[in-house]
2 protein chains.
Amino acid sequence: MMDRSCPGVVEPILELLDGKWTLLLLFELLNGTKRFGELRRKLQPISPKTLTDRLRLLEEKGLVTRTLYPGVPLHVEYEFTESGKALQPIFEAMWNWTQEHGTYLKKDMALAVLNN
Amino acid sequence: MMDRSCPGVVEPILELLDGKWTLLLLFELLNGTKRFGELRRKLQPISPKTLTDRLRLLEEKGLVTRTLYPGVPLHVEYEFTESGKALQPIFEAMWNWTQEHGTYLKKDMALAVLNN
DNA sequence: CTCCATAGTTCATTTTTTGAAACTATTGCA
DNA sequence: TGCAATAGTTTCAAAAAATGAACTATGGAG
């Protein structure tokens, strides 16, 4: 994907954070264990395909675990690994930047945040 | 106080960092003022179109300034605004995460960056 | 033996992004 | 006049990513 002349140090994290929805998904998981349907609702209007794609990828990279609970109805829980939890400082730095420099926050977004 | 993990808060930054090459480009600018051709060489094999697209977008968002120096040959310098410089903690957090959890990191890449 | 709820999968299509190639603009100098 | 060096722009095709609609799997309750 990237040339070796690029600052390779960030390569791993670039791959992780890549893709529409990925960062929002990670944000959700930062709040703790979440079920598939729960994530789907929170990330509306994400498609179930995209959501599974992202989750599978994150699982593959060792950032989240997937646990199936049999029973009726069955359900599945997604949770950060230690590696995933360790992303928190990055998100905090983003949060801080946004507080001071993010001027694009739209009113409806703000409301969504407050109602969450 | 707002929930730090709430996705909406971080939308502005997601938009900023979005797109292939964007993060790598920001990394370059973190090292100081850069000319168009310089960026193009460092980010090889980026196309000039994509590079201008990215630079224009970052300019629009207030993260970089573009300064034209007439003369022969003319040249152009791109530089972070204060807002752009303030991204540094985010990159540092990424760097730290990669040190501890990025399994793709190669030592010579890291050195190349540090010597830059 | 059908239904419900959960959590997906499959495949075709659309949308978005990226890229390659060729071309433009500026201006001093030989 | 024509050239050299920088910094782009333009156009169109190709590739990648996202979406939508419909379908599958599970297993107990009725």
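These numbers were taken from a predicted model, which means no experiment stands behind them. A, B, ... follow the sequence lines: proteins, then strands. Residue 1 opens every chain.
Listed by chain and residue number, A/T22 satisfy the side chain to side chain donor-acceptor pair (under 3.5 Å) test with A/R54 (two or more places apart in sequence, or in another chain). With sequence neighbours left out, the salt bridge (Lys or Arg N to Asp or Glu O under 4.0 Å) criterion links A/K85 to A/E82. With sequence neighbours left out, the side chain to side chain donor-acceptor pair (under 3.5 Å) criterion links A/R35 to no other residue.
Distance, A/L68 CG to C/dA7 P: 10 Å, rounded to whole Å. In this structure, CZ of A/F36 is placed 14 Å from C1' of C/dA5, rounded to the nearest angstrom. One interatomic measurement links the two molecules: OH of A/Y69 to P of C/dA7, which rounds to 12 Å at whole-angstrom precision. For the pair B/L74 CG and C/dC29 P, the computed distance is 15 Å after rounding to whole Å.
Of the two residues near DNA chain C, B/G19 and A/E77, the one whose nearest nucleotide lies more 5' is A/E77. Checking A/P70 against A/W21, the closest nucleotide of DNA chain D that is more toward the 5' end is the one next to A/W21.
Closest heavy-atom contact between A/W21 and A/P45: CH2-CD, 3.7 Å.
Remark: A/K49, A/T50, A/R54 in residues 48-56 of chain A come within less than 4.0 Å of DNA chain D through at least one heavy atom.
Where DNA chain D meets chain A (any atom under 4.0 Å from a heavy atom), the bounding nucleotides read 5' to 3' are D/dA18 to D/dG28.
For A/K20 and C/dT17, the shortest distance from a side-chain N or O to OP1 or OP2 is not below 4.0 Å. In this model, the phosphate group of C/dG8 is approached by a side-chain N or O of A/R66 to a distance below 4.0 Å at OP1 or OP2. Side-chain N/O atoms of A/R35 include none lying less than 4.0 angstrom from OP1 or OP2 on C/dT6. Between A/Y78 and the phosphate of C/dG8, there is a side-chain N or O to OP1/OP2 separation shorter than 4.0 Å.
Residues A/L25 and A/V64 fail the side-chain proximity criterion, which asks for heavy atoms closer than 4.5 Å.
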Given the rule in the side chain to side chain contact (heavy atoms under 4.5 Å, CB included) test, do B/M94 and B/F91 qualify, once you have shown the distances and angles that lead to the verdict?
CA-CA 5 Å; B/M94 288 182 179; B/F91 296 130; 4.2 Å; yes
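Of the charged side-chain nitrogens involved, none lies within less than 4.0 Å of a carboxylate oxygen, so that A/E79 and A/K34 do not count as a salt-bridged pair.
Looking only at distances, no side-chain donor or acceptor of B/T50 sits under 3.5 Å from a matching main-chain atom of B/I46.
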Could you tabulate the donor-acceptor pairs under 3.5 Å formed by side-chain atoms of residues 69-77 of chain A, not counting sequence neighbours?
none

